[in-house]
Structures are given as structure tokens and as C-alpha cells.
Amino acid sequence: MKENKTIKIITMITGILTVLLGFYAVVRPMRTFLAIGWILGMLLLVNGIELVVLSLSKEKKDIGACILGVLEGLGGIVLLFSGVQRFLTDIMATYLVGGSVLIYGIFQIVAGVKKFKDSKGKGILAIICGVLSIIVSIIAFTHPILTMFSVGYMIAFSVLMQGINMIVLAVNFGKASEE
């Protein structure tokens, strides 16, 4: 029973901190977006270290995995300590968003054309959504700063909603077992 109370308190504290982080991200969407390079650098560094440790801890040493881990860790270090590389990573993330939306739009149009034979309304709606997606992707490619702000806001609202979900989970924790 005491463990449940501890879990509830930790979940509530984590939820509150996540909501505060979400509010900060809403206020600073560009800074939120530009954190992508830092996060990727940390992930590469930690994953590289993990890969080296795992490859050397096996009975049969895996030299290929060890070399890959070292290279991955070095890539993480370069991202963490090179502002230029981090900036380029952030810019590439912007174009990745634009490319993803473009591909989604193309697939929506293709699906809409196929669906048009069965249901004209659903087909037209899918085609309209596809065209709008292609327009958004063109904006993403031609206005990367606007895309950075937009992605920053999407991240901010996702973090905010996750924090609210955690608080609701903490408030309702254990209520189902009490009934």
C-alpha cells in the first residue's frame, strides 16, 4: 500500500514538472525546436557507449559493433560540442518534416483517387487533404523558420498534454482497486 502512495506521489510530481516544461516550451517554441540537435547528440553518445559496453561484455567480442559504437559516440560528441553541426541537424529536421508531409500528401491524393470510385465524398476529402498537405510541405521548404516554430509548438503541446495525462493518472491512481 505504501508503494502505491509513493508511485502516486512520484507520478504527480513528474506530471507537474512535465506540465511546467510544456508551458516553457509553449513560450519558447524556437528554443524547443532547436533542442532536437542536443537530444540527438545525447542519444547518439549514450547509445554509442551502450553499444561498446555490450559488444565487449559478450564472451565472443563483437569488434564490428564496438567500432560502430565508437563512431556513434563520436557522432554524438560532435553534435553536442559543435554548434554548426547541431544547427545543420536542426535545419535538416525542418526539411525532414517538409518531406514527410509532402510524401503524406502524395499518398493521400493517390488514396483519394482510388477511394473516389467507391465513395465520391471520401475520395474528394482525401484529395483535398493531400493537396493541403503538399501546400504545407511547400511552405515548410520555403519558410524553414515558420516550420521550426510550428514543430516547436507541436512538441510543446505534446509535452503539455503528456503532463496533464500524468497528473490525471496520479489523481486516479488506485481508485479502480478501491471500488
Side-chain angles (χ1 to χ4, degrees), residues 7 10-108 129-130 132-167 169-170:
I7 292 172
I10 290 172
T11 305
M12 179 64 80
I13 291 170
T14 308
I16 292 169
L17 291 174
T18 305
V19 166
L20 292 174
L21 179 64
F23 279 126
Y24 175 79
V26 167
V27 174
R28 300 284 200 159
M30 183 60 97
R31 185 167 284 182
T32 300
F33 178 81
L34 293 176
I36 290 173
W38 283 100
I39 293 168
L40 185 60
M42 286 186 269
L43 286 172
L44 285 172
L45 179 62
V46 169
N47 197 47
I49 292 169
E50 178 188 22
L51 198 54
V52 168
V53 169
L54 285 175
S55 67
L56 295 178
S57 66
K58 294 179 182 175
E59 192 172 306
K60 184 179 178 189
K61 309 296 184 226
D62 189 355
I63 300 302
C66 183
I67 292 171
L68 180 63
V70 169
L71 292 174
E72 198 171 329
L74 288 174
I77 290 170
V78 167
L79 267 179
L80 288 173
F81 295 105
S82 172
V84 172
Q85 292 296 354
R86 233 179 6 264
F87 178 72
L88 291 174
T89 300
D90 294 333
I91 293 296
M92 288 309 298
T94 303
Y95 290 116
L96 183 63
V97 168
S100 299
V101 174
L102 176 66
I103 291 169
Y104 174 78
I106 292 169
F107 280 113
Q108 276 292 104
C129 288
L132 289 174
S133 294
I134 290 174
I135 291 169
V136 167
S137 73
I138 292 169
I139 293 170
F141 285 124
T142 57
H143 299 289
I145 301 296
L146 179 64
T147 304
M148 289 178 184
F149 273 105
S150 300
V151 171
Y153 278 122
M154 285 189 282
I155 293 169
F157 288 120
S158 295
V159 169
L160 193 59
M161 292 311 302
Q162 182 63 33
I164 291 169
N165 287 337
M166 292 172 76
I167 291 170
L169 177 68

Is there a side-chain contact between [X] and [Y], using heavy atoms and a 4.5 Å cut-off?
X: L44; Y: L40; value: yes
X: I16; Y: M12; value: yes
X: V70; Y: V52; value: yes
X: F149; Y: F33; value: no
X: I91; Y: M148; value: yes
X: V151; Y: T94; value: no

Nearest atoms (heavy-atom pairs only) where [X] meets [Y]:
X: G99; Y: F141; value: N-CZ, 3.4 Å
X: Y95; Y: A140; value: CE2-O, 4.4 Å
X: G98; Y: S137; value: O-CB, 3.2 Å
X: S133; Y: V101; value: O-CG1, 3.1 Å
X: L54; Y: S57; value: O-OG, 3.1 Å

From [X] [atom1] over to [Y] [atom2], what is the distance, rounded to the nearest 0.5 angstrom?
X: C129; Y: I134; atom1: SG; atom2: CD1; result: 11.5 Å
X: R86; Y: I39; atom1: CZ; atom2: CD1; result: 12.0 Å
X: L160; Y: L20; atom1: CG; atom2: CG; result: 9.5 Å
X: L96; Y: M92; atom1: CG; atom2: CE; result: 7.5 Å
X: L169; Y: Q162; atom1: CG; atom2: CD; result: 9.5 Å
X: M166; Y: I13; atom1: CE; atom2: CD1; result: 10.5 Å

Exam field: side chain S82 to backbone L79, donor-acceptor pair closer than 3.5 Å: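 Side chain of S82 to backbone of L79, a donor-acceptor pair under 3.5 Å: no, none is there.
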Under 3.5 Å: donor-acceptor pair, side chain of R31, backbone of A25: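 Not at all, since once roles are kept as given, no pair shorter than 3.5 Å links the two residues.
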Positive for side-chain contact (heavy atoms from CB on, under 4.5 Å) with V159, one of L21, I164, V19, V26: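 It is L21, the one option of L21, I164, V19, V26 that forms the side-chain contact (heavy atoms from CB on, under 4.5 Å) with V159.
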